[in-house]
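Atom set for the values below is all heavy atoms of this structure, side chains included, hydrogens, waters and symmetry mates excluded. From a predicted model like this one, the values you see are computed outputs, not experimental measurements.
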Amino acid sequence: MKKKIVAFFMVMMCVVCQLNVPVSASTSALGPVTPKDVVYQIITDRFADGDPSNNVPSSAQLFDDSNNDNKGDGDDLKLYQGGDFQGIIDKIPYLKGMGVTAVWISAPYENRDTPIIDYQPGGSQDIWTSFHGYHVRNYFATNKHFGSMKKFEQLRDALHANGIKLVIDFVTNHSSRWLNPTDNFSPEDGKLYEPDKDSNGNYVFDANGEPVDLNGDGQLENLLADPHNDTQGFFHGLGDRGGDTSSFGFRHKELGSLADYSQENGVVVEYLEKAAQFWVDKGIDGLRHDATLHMNPAFVKGLKDSIDSNSNGPLTHFGEFFIGRPDPKYDEYQSFPDRTGVNNLDFEFFRCITSTFGDFSTSMADFGNMLCYTTSDYTYENQTVTFLDNHDVTRFGYYQARREVYNAALVALLTSRGTPNIYYGTEQYMTPNTNSDVGGRMFMEVDSSFNTSTDAYNIIKNMSDLRQENDALAYGTTQILYSNNDVLVMTRKFFDKEVLIAINRQPDNSVAVNTNVNTGFADGNYNDELNGIMKASGIVVSNGGKVYVGTLPGGYAGVWSYNPNNNGPKIGNVMSTMGRAGNKVYIYGNNLDGNVDVKFDNVSASVVSNTANYIEAIVPNVAAGEVNITVTNNGSTSNTFGYTVLSGDQVQTIFRVNANTGFGDTIHVVGSIPELGNWDTNKCTEAMMNPNYPQWFLPVSVPANTSFEFKFIKKDANGNVTWESGSNRVFTSTSDINGTSETPVYNWN
């Protein structure tokens, strides 16, 4: 027995020797996803099966394999199909040939691996799995049906070696379903686990990055939080949102009975920031945040600040703020990136492009109008992530079976403002049998042949190449030159660089335009960048930039490029657009090489490195708030680009006040720091929430360990402001950079 004990501790000492060395941060990240990129979204389980050995989950009933050949059938899309990290690695030549420059994959960490049972009225059962990655169980281990941590790192390295950036899906809103709404809300799961820790409180892993049984209890994990015995206040525990459309309902109640994290709890904040940073340190290039509509914006801002202030930051951040069109939450949606620094998946664009090219319920003129008003409404319109379909909605092929119209929609997506995202299989015209989101989550290996000769595949390739060549597609403004019910002619322009686009959405009918449009093109002949795939040919530009647009045949789309050199430095994009002094910032554009001077307002920044199209700089010590970045090169100064300088490390303060209001009135906080609007009522906080009226509350992101003055104000339905009376209130935020603090419950003066 003594020999066995000694042997056990000798083994554990060897393991600990490996583990006490911090897992090194990867230096292989390619940098943030930018508007120059074309993103390709993959549901990992539904793309390609490169390693059949990881197919069968803990229960064989969770794998869709009716003939027992260890291959997913692609029939029961509620079950695992077998796609994995190796499958993506195997298809990198296919992705690269399509012009893909960034891949967004499913959440790679361990998910619940037990049946999710929906009981049906007739007594039958629907069995679901967590193939999609939205039922987290342990953030610090991989989903073994996708592969090991080593395999994830191999995927990262293989993508990066081919110039493809890696974005992972990340969920900080909830764990898994803890109550079953189909069984009278009976208890279910929702538990969260973590690896063993060493004596310093650090998680421990072996040389391959896998959790180990350090404490010798026979388990590789420990229960961290349980919504059925929530001793730490880890979860809100308020039940399903149901028909509650208030901000409180969306942010504090549950989405589909998924155990909702209390993001106002410092314990939760610290844990989720640690979990996100764990994957950032693996060398990824971006995070897609799930369910941002349902999250506390102050938490989101602090999470983003924590990640981007780390040595591996900044990354690309975008999230799922799910809206319809029209939607009463549109104002909240369009301002979310400005309030948090996390960009949106552009659901306004999606709703419009599908109604324009899908069921034709809106006109091409309406599509053009949408591009114009969102350009005005969005501060950084080219950073929003646009899409034709994705995992949360029906595949576009369900709405539009005609290839000509389908292709025209792809051209519109790939030439419009924003950063385009292609849902896996869209290039293969994959079409579901139902209009549900799960119906669209098809198994590509079964439903396509990865054909590289489809028109859609080559449209994506050609437009991705043009996006790399001509900055007008990535950074340009949008001008609608002509539109009617079926035709749109627009131009994208970045200083002297320009791309002209003409589309007729009708598959069979010619549409007579018969007019000249004015461009900035130099006179001459220009070839169609789609290479005639959609019936277009070359154009002639004459008389100082005029192009005659005649009759466009059915199924027509043409794209023409004018790409002269811009004179002097030009800024097209900045990543990130929010941060604090000392953070890295990446500036993209033209003529940025040489001995450049980067300024934030009038304060020069330290330049780490630069090329003709890229600058890495450090945010200088400049007054917090909204500033303008400029680049001066050889005596010429660039255009300005807006940046928000934070006052410091962001933490949450939860403001509370008792206040009686009239119908339509809202309560806000305004104060002496930029995060509270610097006393400008137009820049105050969003409206406070009042689930227990007349008490109002709101978590707000403010700098840590900072004393500030503030007041509460009322705004009526017309925006008229009433200040509370009396002296300014004073509060000091927590000094714990992962903590939160609460004000007393004040009474309105």
Side-chain angles (χ1 to χ4, degrees), residues 39-51 54-55 57 62-64 71-92 94-95 98 100 102-113 116 128-136 142-147 151-152 155 159 164 166-171 176 284 286-291 318-320 322 345 350 385 387-398 421-448 450:
V39 184
Y40 189 83
Q41 180 196 355
I42 294 173
I43 298 180
T44 303
D45 178 64
R46 301 302 163 89
F47 189 57
D49 186 356
D51 181 6
N54 59 32
N55 282 352
L62 301 183
F63 185 53
D64 182 24
K71 295 180 180 179
D73 297 336
D75 293 329
D76 190 340
L77 298 180
K78 302 185 299 298
L79 305 181
Y80 275 99
Q81 300 297 330
D84 48 35
F85 298 146
Q86 185 61 53
I88 300 173
I89 293 171
D90 294 344
K91 297 300 181 183
I92 287 177
Y94 171 85
L95 299 173
M98 194 177 7
V100 169
V103 165
W104 154 23
I105 67 170
S106 304
Y109 44 72
E110 181 181 291
N111 265 236
R112 171 181 173 178
D113 204 23
I116 303 169
W128 295 78
T129 62
S130 304
F131 70 87
H132 40 57
Y134 296 125
H135 291 177
V136 61
T142 58
N143 184 329
K144 292 304 183 285
H145 308 306
F146 300 163
K151 187 60 65 175
F152 173 82
L155 169 63
L159 289 169
I164 301 174
L166 175 59
V167 177
I168 66 169
D169 221 320
F170 208 79
V171 184
S176 65
I284 63 173
L287 290 166
R288 180 269 185 184
H289 299 270
D290 183 59
F318 61 93
E320 177 212 2
F322 196 102
L345 278 162
F350 158 74
V385 178
F387 59 100
L388 189 61
D389 46 11
N390 71 15
H391 66 300
D392 286 320
V393 297
T394 306
R395 282 189 176 270
F396 184 71
Y398 184 85
N421 176 69
I422 306 296
Y423 190 30
Y424 78 101
T426 295
E427 75 282 4
Q428 298 297 331
Y429 306 104
M430 282 169 52
T431 301
N433 295 322
T434 72
N435 65 351
S436 68
D437 53 357
V438 71
R441 300 173 185 179
M442 303 160 72
F443 191 18
M444 189 164 171
E445 188 172 279
V446 170
D447 290 294
S448 84
F450 294 90

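Between the side chain of E427 and the backbone N or O of G425 there is at least one donor-acceptor pair closer than 3.5 Å. In this structure a side-chain-to-backbone donor-acceptor pair under 3.5 Å is missing from D51 to D49. Panel note: side chain D45, backbone G82; a donor-acceptor pair is recorded below 3.5 Å. A side-chain donor-acceptor contact under 3.5 Å links R46 to the backbone of R441. Between the side chain of N111 and the backbone N or O of Y134 there is at least one donor-acceptor pair closer than 3.5 Å. Here the side chain of E320 pairs a donor or acceptor atom with the backbone of A291 at under 3.5 angstrom. Side chain of T142 to backbone of G147: a donor-acceptor contact under 3.5 angstrom is found.
Rounding to the nearest 0.5 angstrom, the gap separating the NE2 atom in H145 from the OH atom in Y80 is 4.5 Å. Taking CH2 of W104 as the reference point, atom CG of D169 lies at 6.0 Å (rounded to 0.5 Å). Separating the CZ atom in F443 from the CG atom in D76 is a distance of 13.5 Å, to the nearest 0.5 Å. Summarising the geometry, atom CE belonging to M430 is positioned 5.0 Å from atom CG belonging to D447; distances are rounded to the nearest 0.5 Å. Atom CG of L345 sits about 10.5 Å away from atom CZ of F322, to the nearest 0.5 Å. Going from atom OG of S130 over to atom CG of L62 covers 8.5 Å, rounded to the nearest 0.5 Å.
Residues T426 and Q428 are not in side-chain contact: their nearest non-hydrogen atoms beyond the backbone lie 4.5 Å or more apart. Within the 4.5 Å cutoff, the side chain of V167 has heavy atoms near those of the F318 side chain. I88 is not listed as a side-chain neighbour of Y424, based on a closest heavy-atom distance of 4.5 Å or more. Between H135 and I116 the shortest side-chain heavy-atom distance falls below 4.5 Å. Considering only heavy atoms from C-beta on, L287 comes within 4.5 Å of I168 through its side chain. Using a 4.5 Å heavy-atom threshold, the side chains of K71 and V446 count as separate. Between M444 and F450 the shortest side-chain heavy-atom distance falls below 4.5 Å. The closest side-chain heavy-atom distance from N54 to D84 is below 4.5 Å.
Here the closest non-hydrogen pair linking G133 and A107 is O-CB, 3.4 Å. Here the closest heavy-atom approach between residue F146 and residue S106 is recorded as CE1-CB, 4.4 Å. The two residues L77 and F131 make their nearest non-hydrogen contact at O-CE2, 3.4 Å. Summarising the geometry of D389 relative to F396, their closest heavy-atom pair is OD2-N, 2.9 Å, with the distance given to 0.1 Å. What you find for R288 and D290 is that their closest heavy atoms are NH1-OD1, 3.0 Å. In terms of heavy atoms, P432 sits closest to G439 at CB-O, 3.2 Å.
Between Y423 and H391, the ring-plane angle classifies as tilted under the 30° and 60° cut-offs.
Using modelled atom types and a 3.5 Å distance limit, the side chains of Q81 and D64 yield a donor-acceptor pair. Side-chain contact check for N390 and N421: no donor-acceptor pair (N or O, by modelled atom type) lies under 3.5 Å.
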>> For a side-chain contact (heavy atoms from CB on, under 4.5 Å) check, start with the C-alpha distance between I105 and F152, then their side-chain angles and the critical distance, and finish with the verdict.
In response: CA-CA 11 Å; I105 67 170; F152 173 82; 4.1 Å; yes
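Under the 6.0 Å distance and 45° angle rule, K91 does not count as a cation-pi partner of F47. In this structure, R395 is not positioned above the aromatic face of F387 in the sense of NZ or CZ being under 6.0 Å from the six-membered ring centre and within 45° of the axis.
Under the rule for a side chain to side chain donor-acceptor pair (under 3.5 Å), H132 has no partner lying at least two apart in sequence or in another chain. In this structure, the side chain to side chain donor-acceptor pair (under 3.5 Å) partners of Y429, at least two apart in sequence or on a different chain, are N407. Checked against side chain to side chain donor-acceptor pair (under 3.5 Å), T129 has no partners two or more places apart in sequence or in another chain.
Partner V100 forms a side-chain contact (heavy atoms from CB on, under 4.5 Å) with one of I422, L95, L159 and no other, that one being L95.
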